[in-house]
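If you read the sequence from its start, that first residue is 1, and numbering goes on from there. Any value given below was found using the heavy atoms of this structure, including those in side chains, with hydrogens, waters and symmetry copies removed. Just so you know, these numbers come straight off a predicted model, no measurement behind them.
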Amino acid sequence: MPFLTALVLGVGVLCLIDLVLTVGVIRRLRAHEEMLSARPAVSPSIVLPAGAKIGGFSAVSTDGVHVSGETLTEPVLVGVFSPDCPACHDRLPQFAERARSFPGGRGNVLAVLVGAEEEVADERRTLEPVALVLIEEYGTGLTKALQVKGFPSLALVDEHGKVVASGSTIEDLDKIPAHA
């Protein structure tokens, strides 16, 4: 019988220790939750943010039109897409639709396709009627000038090379900051 009493007391002590540790973990989790909710939400930008100036670039579109920072004389709609990006397949038709009605027409819309010619052939056919299409490697040309870190990357750029709005959705382009 003394053995059974000792065993029950031992189990009781272990349960008490477990309860104290669990309460400590819960308090710690609540403290972390409060710290995280107090921090401002920062979403990583996949392209230069509004207000930033794009870097220098020079490229030739698939139909032979030379474009560079110096040729931007009106606001420009820019879309950067990759054939390996599932979101790009969804957003490319939305971009093409926006491009159809963009002021200044096709000459004020730049569509950058990142990849080899054969990889981006379908996207090229979709975009050429509504945009000047640039095919380039990642980290060169306009992808470098816009500091593209993900796909799709969309931007509105003014005639001075300043980003007016940017993001990964067409809706992001509608959110023009007051300081822009």
Distance-only donor-acceptor hits, side chain of residues 3-19, under 3.5 Å, sequence neighbours excluded:
residue	atom	partner	partner atom	Å
Thr5	OG1	Met1	O	3.1

Exercise. Answer whether the closest heavy-atom distance between the side chains of Ile54 and Leu48 falls below 4.5 Å.
Key: yes

Quiz prompt | Contacts of type side-chain contact (heavy atoms from CB on, under 4.5 Å), residue Pro75, not counting sequence neighbours | solution = Glu159

Quiz item: Restricting to pairs with a member in residues 118-127, which pass side chain to side chain donor-acceptor pair (under 3.5 Å), not counting sequence neighbours?
Solution: Glu117-Arg124, Asp122-Arg125, Arg124-Glu128

Quiz prompt | For Ser166, side-chain contact (heavy atoms from CB on, under 4.5 Å) partners two or more places apart | solution = Val47, Ala155, Val163

Exercise. Taking the side chain as every heavy atom from C-beta outward, state whether Leu77 and Leu156 have any atom pair closer than 4.5 Å.
Key: yes

Quiz item: Pairs in or reaching into residues 64-84: which pass salt bridge (Lys or Arg N to Asp or Glu O under 4.0 Å), with residues at least two apart or in two chains?
Solution: none

Quiz item: Does any pair with a residue in residues 139-149 pass side chain to side chain donor-acceptor pair (under 3.5 Å), and if so which ones, sequence neighbours excluded?
Solution: Glu136-Thr143

Self-check item: Qualifying residues under salt bridge (Lys or Arg N to Asp or Glu O under 4.0 Å), relative to Glu171, sequence neighbours excluded
Solution: none

Quiz prompt | Qualifying side chain to side chain donor-acceptor pair (under 3.5 Å) pairs with a residue from residues 89-104, counting only residues at least two apart or across chains | solution = Arg98-Asp174

Exercise. Not counting sequence neighbours, list each pair that qualifies as a ring-ring contact (aromatic ring centres under 6.0 Å, His included) and has a residue in residues 94-114.
Key: Phe81-Phe95

Practice problem: Can you tell me which residue pairs pass the side chain to side chain donor-acceptor pair (under 3.5 Å) test with a partner in residues 48-61, sequence neighbours excluded? | Solution: Ser58-His66, Ser61-Asp63

Quiz item: Hey, does Lys175 have a side-chain heavy atom less than 4.5 Å from the side chain of Asp172?
Solution: yes

Quiz item: Which ILVMFWY residues can you reach from Leu29 by hopping between side chains whose heavy atoms are under 4.5 Å apart?
Solution: Val25

Quiz item: ring-ring contact (aromatic ring centres under 6.0 Å, His included): which pairs involve residues 117-144, sequence neighbours left out?
Solution: Tyr138-Phe151

Quiz prompt | Validation row: Leu113, Thr62 side chains within 4.5 angstrom (heavy atoms) | solution = no

